[in-house]
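Encoded as structure tokens, the structure appears first; notes follow it.
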Amino acid sequence: MTRFGIKKTPYGLLRSADLFKRHIRSFYKHNTPVKFMNLCFLYIQKWANKSFLSTYPVEIIIDPINLCHLRCPLCPTGQRVNSRPFGRMSFENFQGIVDELGRWLYKIRFYNWGEPLMHEDIYKMIAYATDKNISTELSTHLNLLNPPDAQTLVQSGLELLIISLDGAEEKAYSHYRIGGDFNKVINNIKGILREKERLGRKFPLIEIQFLVMRHNESQIEKMEALAKELGIDRLRIGPVTVNIKNEEDWQWLPLDEKMSRYSYSKKRDKIYSKREKCEWLWRSTVINWDGTVSPCCVYEGKKADFGSLNGKRFIEIWNNEHYRYSREVFTRKSKRNNRLETICSHCRGIPIAMDEKQHGLY
């Protein structure tokens, strides 16, 4: 029997507690003495405001591909305005990343600016990470799963499958997921659930992610009923992210401000309205399809690049001038550096759009 749960995005300390619970399974299942020692020293160095680290990230986002056939209005890939060229990470390059960092990693997330199921080696990548004792997580709109692939997906060892489904019926779903097929997604979910039952597998846990927007905020109860009927593990109801500076983006915000991440009167993000230190710079990193490294998943393209793995070891980038200065942005050791500006000195832990006219945050 599936244990069904509904999660709504919390704020403040409750959000921190929710994130802790979200990652704790990966910790227990994939912990080793080496990983635990790295984790402990990582937080000691963070609390000590160290900008040069002897530790490695404990989770990474790998963007295997930055292509997607949907046309979601707030996504740079959907708008076809990506500043990074389109491409795919080779399996050999992925293998090299895991071989270098795997002994310290608890988790790999296989998604960022593209649809990961468009990559021909995605299941092979997941299986390779699984064999290296690393938790795996994948986010997808699930339109491109062919029926035979359901078995391959389940057998890959994937632990968490996040499915973007922002409507309880076709009209609401396709209003934002332009080019998507609601019925195909539902049938693909059912196919994966059948394969899990047939193979006697607990994983992947299946989570539907429902972003609350103006056109679908009345469908939350219907979505809860649909998710329970399908028999998924969890429904996560979260707020949509927009460029709060662009009034045109306000059309996507729900009328009910309680379902939004923004304060409408202050035009301010409620999730990141205050942030003393951005943990991403100490514990996580993003590796793009072309081997470039970015500090987080918020900003797309070369403006967020801190270096490239091509011909370099990761530790060289992890402690390069861009990373060290960005950590110092949060430790108050550094005065404004006119010679070096990074995406972190722009963001300072509270993400805002680079261009007031763009649609979406990136």
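Here, residue 1 is the first one in the sequence, and each next residue gets the next number.
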Among Asn38, Asn133, Asn31, whose side chain to side chain donor-acceptor pair (under 3.5 Å) with Tyr106 holds?
-> Asn31
Trace of the side chain to side chain donor-acceptor pair (under 3.5 Å) decision for Ser139 with Arg109 = CA-CA 8 Å; Ser139 182; Arg109 303 188 199 184; over 6 Å; no
Does a donor on one side chain and an acceptor on the other come within less than 3.5 Å for Asn82 and Thr77?
-> yes
Check whether Tyr111 and Leu70 end up in the same hydrophobic cluster, where Ile, Leu, Val, Met, Phe, Trp and Tyr are linked by side-chain heavy atoms less than 4.5 Å apart.
-> no
Spell out, yes or no, whether Ile61 and Leu361 are grouped together once hydrophobic residues are joined by side-chain heavy atoms under 4.5 Å, including indirect joins.
-> no
Name all residues meeting the ring-ring contact (aromatic ring centres under 6.0 Å, His included) criterion together with Phe203; count only those two or more places apart in sequence or in a different chain, and write none if there are none.
-> none
Can you check salt bridge (Lys or Arg N to Asp or Glu O under 4.0 Å) on Arg234 and Glu207, steps first, answer last?
-> CA-CA 5 Å; Arg234 184 164 59 219; Glu207 174 182 298; 2.7 Å; yes
So the salt bridge (charged side-chain N to carboxylate O under 4.0 Å, His left out) pairs with at least one residue in residues 152-168 (sequence neighbours excluded) are Lys29-Glu159, Asp166-Arg177
Flag side-chain contact, heavy atom, 4.5 Å: Asp121 against Met89 = no
Scanning both residues in full, the closest heavy-atom pair of Ser326 with Thr342 reads OG-OG1, 2.9 Å
So with a 6.0 Å cut-off around CD of Glu197, is the heavy-atom count from everything else above 12?
-> no
Where do Leu165 and Phe210 come nearest, in terms of heavy atoms and distance?
-> O-CD1, 3.4 Å
Glu169 and Gln219 side chains, donor-acceptor separation under 3.5 Å | yes
Met125 and Pro116, any side-chain heavy atoms less than 4.5 Å apart | no
Sub-3.5 Å donor-acceptor pair from the side chain of Gln251 to the main-chain atoms of Glu248, do we have one?
-> yes
ILVMFWY network linking Ile62 to Ile315, side-chain heavy atoms under 4.5 angstrom = yes
Any donor-acceptor pair under 3.5 Å linking the side chain of Trp282 with the backbone of Thr55?
-> no
Distance from Ile244 atom CD1 to Ile352 atom CD1, nearest 0.5 Å?
-> 12.0 Å
CE/Met259 to CD1/Ile237 distance, rounded to the nearest 0.5 angstrom?
-> 6.0 Å
Salt bridge (Lys or Arg N to Asp or Glu O under 4.0 Å) assessment of Arg324 paired with Glu321 | CA-CA 5 Å; Arg324 294 198 312 274; Glu321 187 179 32; 5.9 Å; no
With Trp252 via ring-ring contact (aromatic ring centres under 6.0 Å, His included) - residues at least two apart | His175, Tyr176, His215
List the steps, then state whether salt bridge (Lys or Arg N to Asp or Glu O under 4.0 Å) holds for Asp63 with Arg84.
-> CA-CA 12 Å; Asp63 199 12; Arg84 189 183 307 283; over 6 Å; no
Those residues that, when tested against Tyr264, pass ring-ring contact (aromatic ring centres under 6.0 Å, His included) (two or more places apart) | Trp250
State which residues pass ring-ring contact (aromatic ring centres under 6.0 Å, His included) with Phe41; sequence neighbours excluded, sorted by chain then number.
-> none
Sorted by first residue and then second, give each ring pair (Phe, Tyr, Trp, His ring centres under 6.0 Å) pair with at least one member in residues 289-309; sequence neighbours left out.
-> Tyr299-His346, Phe306-His322, Phe306-Tyr323
Interatomic spacing from CD in Gln209 to CZ in Arg236 - rounded to 0.5 Å = 8.0 Å
Please step through side chain to side chain donor-acceptor pair (under 3.5 Å) for the pair Ser284 and Glu279, ending with a clear verdict.
-> CA-CA 8 Å; Ser284 309; Glu279 289 208 357; over 6 Å; no
Can you find a pair of side-chain heavy atoms, one from Thr140 and one from Glu115, that are under 4.5 Å apart?
-> yes
